[in-house]
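Taking it in order: structure first as structure tokens, then the write-up.
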There are 2 protein chains.
Amino acid sequence: MKIATWNVNSIRTRLEQVVDWLKQNPVDVLCLQETKVIDHDFPRSPFENLGYHSYISGQKAYNGVALISQQQLTDVTTGFTPILPDIEPIWDEQKRVITGVIDGVRIVNLYVPNGSAIASEKYEYKLRWLTVLKEYLRSLLLLQPSICICGDFNIALEDKDIHEKVKAENHIMASPAERQALRDVLELGFADAFRKFTTEGGHFSWWDYRAASFRRNQGWRIDHHYLTPVLYEQAKSCIIDVSPRKLTQPSDHTPVIVEI
Amino acid sequence: MKIATWNVNSIRTRLEQVVDWLKQNPVDVLCLQETKVIDHDFPRSPFENLGYHSYISGQKAYNGVALISQQQLTDVTTGFTPILPDIEPIWDEQKRVITGVIDGVRIVNLYVPNGSAIASEKYEYKLRWLTVLKEYLRSLLLLQPSICICGDFNIALEDKDIHEKVKAENHIMASPAERQALRDVLELGFADAFRKFTTEGGHFSWWDYRAASFRRNQGWRIDHHYLTPVLYEQAKSCIIDVSPRKLTQPSDHTPVIVEI
DNA sequence: GTCGGGTTAG
DNA sequence: CTAACCCGAC
């Protein structure tokens, strides 16, 4: 089973690139982030034409996640609230969470808040959001032992996941508090699929549009698949496909694909 | 003497097309409308490189007119106020008027308000703007008997200046009040140069970007040259050059050229 | 800096 | 449909 994650930075702007990629790279489930479109306007038919079902949770202009799946998914829910009925509504106002089950494996597709700048209000929101995520996953684990969380985490856990030019310590997406918050989540029993196969640094999934950072390969690895133990043992590969980032008018992120 | 008028719908976006056209079609004066740029950012040097002087009156994002001339012009003024010092400032807040004299001929380059929709506030502004224009031209005629007014009038005076698909009566740019307001202006002693040479309909200078209207030739003739009697008698040709409208990323208007 | 969406205008 | 601006995001 292949599960891909791709922050497309607007599905409407990137539609042709995503459809082309999916034709060349058939996967069981494609997890999209930053679709930036309300559900009514999500372009379902291009995916239908390729034989894929769409499960979407979008909003106007910002955020938005989708699961594009060859098989139908079961137990699809959006946001934290269906699993954590008692949380405050602010955690689901932004559309960042969608999940569904395929062949006994729960896929959790996340768009973790970026956090803007250290010590900002958005940064605090990001850290607290990750504590909500942990409770959400704890609940899901009670229902299902096999879980693949993937998406844009907006966190690079290790310095080797960041190009050399930036000192991680006080940088958003790499601050100690962010890394600790993510480690706290993973402590539930998740392991990084990419690191099962590749230990060296210099592999990135996101390059800022600014400062020709892709040309200089000054990127970050912030798009991840985290697997529960049995899935992790079964994982056969985890690959970053850099090619879509080379196209004209690319997303700033590129797809990452795990095979289990 | 050749005088061309062209609503370029942003001189910065259309610069290459305008320069190319001018190379192929040298004219004495090119009257531009909808330059959509403040004077500081107007691209003067590409025209200088071709041997043309620029006289400009622009604003941010909207409107804006310019005279591009091989010879230097004299008596250049912008807006109504230099000629009508007592009018209210609202008539010159939008940059729609520039004039200058070449070889004893006054060129008046206009971008008449579009009017948006019949009975709207903008429609009323358009009608009143045309009464101000009449007083402006009346004053200019006292100084100079030879005048060529040209530009985007946003009015089609006759039904044959409009493609068949639209009933003129209640359409903006063709309503009785707009036509009457323009006829009131022309009554000062101006005649339509184009109609000296061509009497049949189906000749247009503007095609809406929407609804593939150029492909279907569903256009309007709203860009005009109006001449005082002696100039009208001298006029040798008046031609609409459709070719720029066929390019990719064209203006919605195409140039009209009078030779006197 | 660079992008995407939304808005306003035509 | 097209262009410019504004805004928010990164």
Side-chain angles (χ1 to χ4, degrees), chain A residues 7-15 17 33-38 41 58-64 94 96 111-118 120-123 125-126 152 154-156 166 171-174 206-216 218-220 222 245 248-253, chain B residues 7-15 17 33-38 41 58-64 94 96 111-117 120-123 125-126 152-155 171-173 206-216 218 220 222-223 245 247-253:
Chain A
N7 178 323
V8 290
N9 190 12
S10 168
I11 186 57
R12 285 177 296 182
T13 299
R14 222 69 60 203
L15 183 60
Q17 290 183 24
Q33 302 90 37
E34 285 207 86
T35 53
K36 292 188 174 179
V37 66
I38 57 171
D41 295 338
Q59 66 181 82
K60 188 159 81 163
Y62 303 110
N63 312 309
Q94 302 172 8
R96 299 179 172 279
Y111 176 47
V112 177
N114 169 278
S116 188
I118 292 172
S120 68
E121 213 166 273
K122 285 175 181 163
Y123 181 77
Y125 183 85
K126 179 181 191 171
D152 175 2
N154 273 314
I155 295 174
V166 34
H171 199 295
I172 190 70
M173 301 190 292
W206 173 79
W207 298 260
D208 199 317
Y209 284 124
R210 289 165 285 188
S213 67
F214 182 66
R215 191 181 49 73
R216 308 153 98 132
Q218 296 184 351
W220 293 60
I222 58 178
R245 184 61 241 241
T248 50
Q249 279 220 312
S251 169
D252 44 352
H253 296 251
Chain B
N7 178 322
V8 290
N9 190 10
S10 168
I11 187 57
R12 284 177 296 181
T13 298
R14 222 68 60 202
L15 184 59
Q17 290 183 25
Q33 303 90 37
E34 285 207 87
T35 53
K36 293 189 176 179
V37 66
I38 57 171
D41 295 338
Q59 67 180 82
K60 188 160 79 166
Y62 304 111
N63 312 308
Q94 301 172 8
R96 297 179 174 280
Y111 175 48
V112 177
N114 169 280
S116 188
S120 69
E121 213 165 273
K122 286 175 181 161
Y123 181 77
Y125 182 86
K126 179 181 192 172
D152 175 1
F153 285 76
N154 272 315
I155 295 174
H171 198 295
I172 190 70
M173 302 190 291
W206 172 78
W207 298 260
D208 199 318
Y209 284 124
R210 290 162 282 190
S213 65
F214 182 67
R215 192 181 49 72
R216 308 153 97 135
Q218 297 185 349
W220 293 60
I222 58 178
D223 300 274
R245 184 63 242 240
L247 302 172
T248 49
Q249 279 219 313
S251 168
D252 43 352
H253 296 252

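Quick note on labels: first sequence line is chain A, next is B, and so on, each numbered from 1.
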Handout entry: Donor-acceptor side-chain pairing of B:N9 and B:E34 below 3.5 angstrom
Key = no

Handout entry: Distance-only donor-acceptor test (3.5 Å): side chain A:R210, base C:dC3
Key = no

Handout entry: Selected nucleotide, minimal atom distance to A:A61 side chain, candidates C:dG5, C:dG10, D:dA3
Key = C:dG5

Practice task
Looking at every strand, decide which applies to A:Q249 at a 4.0 Å heavy-atom threshold: base, sugar-phosphate, or nothing.
Solution key: sugar-phosphate

Problem - Nearest listed nucleotide, side chain of B:N114, among C:dG10, C:dG5, D:dA3 - result: C:dG10

Practice task
Name the nucleic acid region contacted by B:Y209, choosing base, sugar-phosphate or nothing; use a 4.0 angstrom heavy-atom cut-off, strictly under.
Solution key: base

Exercise for the section: Identify whether any heavy atom of A:W206 sits under 4.0 Å from a base atom; if not, whether one sits that close to sugar-phosphate; answer base, sugar-phosphate or nothing. Expected result: sugar-phosphate

Practice task
Select base, sugar-phosphate, or nothing to describe what B:D208 touches, counting heavy atoms under 4.0 Å on all strands.
Solution key: nothing

Practice task
May I ask you to verify if any side-chain N or O of B:R245 is less than 4.0 angstrom from the OP1 or OP2 atom of D:dC1?
Solution key: no

Fill in the blank from the handout: Considering only heavy side-chain atoms of A:Y111, the closest of D:dC10, D:dA3, D:dA9 is D:dC10

Exercise for the section: May I ask you to say what A:Y123 touches in the nucleic acid, namely base, sugar-phosphate or nothing, with a heavy-atom cut-off under 4.0 Å? Expected result: nothing

Exercise for the section: Measure from the side-chain heavy atoms of B:K122 and tell me the nearest of D:dA3, D:dC5, C:dG10. Expected result: C:dG10

Handout entry: Nucleotide of C:dA9, D:dC5, C:dG4 approaching B:K60 most closely (side-chain heavy atoms)
Key = D:dC5

Handout entry: Phosphate OP1/OP2 of D:dT2: any B:S10 side-chain N/O under 4.0 Å
Key = no

Handout entry: Side-chain donor or acceptor of A:D208 paired with backbone N/O of A:S213 under 3.5 Å
Key = no

Practice task
Please confirm whether the backbone N or O of B:Q59 pairs with a side-chain atom of B:Q94, one donor and one acceptor, at under 3.5 Å?
Solution key: no

Exercise for the section: Side chain of B:N154 only, please: which of C:dG10, C:dG4, D:dC5 is the nearest? Expected result: C:dG10

